[in-house]
Amino acid sequence: MSTAGATDPLAALGALPGVADSVESVRKAVDRVYGHRIMRRRSNAITSEAALRGARGSAALSGADWALEEVRRRTDFSGDAEARTVGAALRLTAEAGQLLSIWRQSPLRVLARLHLVAAADQADQVGRPRQEGEPVDEPLVGLPLPGAAETHGRLEGLAELIVAGGSAPALVTAAVVHGELLALRPFTSHNGLVARTAERIVLVGSGLDPKSVCPAEVGHGELGRAAYLKALDGYVSGTPEGMAAWIAHCGRAVELGARESTAVCEALQRGAA
C-alpha cells in the first residue's frame, strides 16, 4: 500500500467512492446482531460459536474445507496437512483475544506471535519475517512475492500506521491489514491464516465487534476463494477502484459473519421457546 503524500492514508481510503456505503452497511449488520435478545443473555455462547465457525472458514480458504461438524467433533489435528491447517486456524482464533491489548502498541510483535502459534514448532523460520531467499509455502495465493527487504519495509510502515492511529473506520483498517499481509506473505507459511486473524483483531479491538461475534472469516469462506483472490488482485493493483473493491469485499464478509451469528441467535431462541 502506497502512503506517499498522505498524512492519514487509511482515512484517505475511507473517502474512496463506495467505501462509506460499505462502512455503513457493516455497522447496521453488526448492530442487528448486538441488538438481538439472545445476545443479552448468551453472548458467551455466541462468541464461542462464532470462533469455531470463523476458524472453519479461514481454514477452508487455506485449503482445508471441512464440514463444521467435523471441526466440532475432532480433537486431534496432528494428522495430515488439512488437519494441521484446521488446528492452526483454531489455535489462532483462541489466541487472538489474548493479543488485543498488545496490537495497538506492537503489531509486529503480535504478528510474530500469531505465526508462532500457527506453525506450532520451533523451526528457525517461525515467529519472524522471512529472510531473502527463504521459500514461502502459500500455494493458494499466486501473486508475485515481494523481496524480503521490501516486505520488511512495508511491514514497518503498516505497524507505524496502526500505532499512530487515526480517523479511518475499523473496516478500512482491517481490510488494509488483511490485504497487506496477504500481498506481502511475510512469513514462510500460514500467511493467509495470520492475515485473517489480524483482520479479526482489528475489528474486535476497534470496538466495532467487541464480543467477536461477527466472524469475517465465515463471510470470506462463503464468498469463495475465487472472489477472494479477485478482490485481493484489486488491493494489490493499488488503484482507487481496486482498493475500494477489496474494502467492499471485506465489508461483505463481515456482514455475512454477522448474518451467521444472527442465525445462531435465532436457533438458540427457538430452542429456548
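Keep in mind that the numbers below use all heavy atoms, side chains included, and drop hydrogens, waters and symmetry copies.
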**Report entry** Salt-bridge present (Arg91, Glu95; N to O < 4.0 Å)
**Finding:** no
- List the steps, then state whether side chain to side chain contact (heavy atoms under 4.5 Å, CB included) holds for Leu268 with Arg41. CA-CA 11 Å; Leu268 289 175; Arg41 295 187 284 118; over 6 Å; no
_Using the rule given for side chain to side chain contact (heavy atoms under 4.5 Å, CB included), can you reason through Trp246 versus Leu13, listing the C-alpha separation, both sets of side-chain angles and the distance that settles it, and then say yes or no?_
CA-CA 11 Å; Trp246 169 250; Leu13 292 176; over 6 Å; no
Interatomic distance, CG@Leu116 vs CZ@Arg128, rounded to 0.5 Å, equals 12.0 Å
CZ of Arg74: more than 12 outside heavy atoms within 6.0 angstrom?
yes
Exactly one candidate in Ile201, Val202, Leu203 meets side-chain contact (heavy atoms from CB on, under 4.5 Å) with Glu199; the answer is Leu203
Between the CD atom in Glu255 and the CD atom in Glu222, the distance rounded to the nearest 0.5 Å is 11.5 Å
(Q) Assess, by modelled atom type and distance only, whether the side chains of Glu138 and His190 contain a donor and an acceptor separated by less than 3.5 Å. (A) no
Distance-only polar pair, side chains of Arg130 and Thr151, donor-acceptor under 3.5 Å: yes
### Asp31 vs Arg27, salt bridge (charged side-chain N to carboxylate O under 4.0 Å, His left out): CA-CA, chis, key distance, verdict
CA-CA 6 Å; Asp31 285 347; Arg27 168 54 65 189; 3.4 Å; yes
Scanning both residues in full, the closest heavy-atom pair of Pro17 with Ala244 reads O-CB, 3.8 Å
Checking the side chain of Glu134 only, and the main-chain atoms of Gln131 only, is there a donor and an acceptor separated by less than 3.5 Å?
yes
Q: Report, as yes or no, whether the 6.0 Å neighbourhood of atom CZ on Arg109 holds more than 12 heavy atoms from other residues, nucleotides or ligands.
A: no
If you define the side chain from C-beta out and look only at heavy atoms, does anything of Val141 sit under 4.5 Å from Asn191? no
Nearest heavy-atom contact between Val218 and Gly54 is CG2-N, 3.7 Å
In Arg196, His220, His249, the residue satisfying side chain to side chain donor-acceptor pair (under 3.5 Å) with Tyr228 is Arg196
Value for CZ (Arg270) from CD1 (Ile38), rounded to nearest 0.5 Å, stands at 10.5 Å
**Message:** What I'd like to find out is whether the side chain of Glu266 reaches to under 4.5 Å of the side chain of Gln269, using heavy atoms alone.
**Reply:** yes
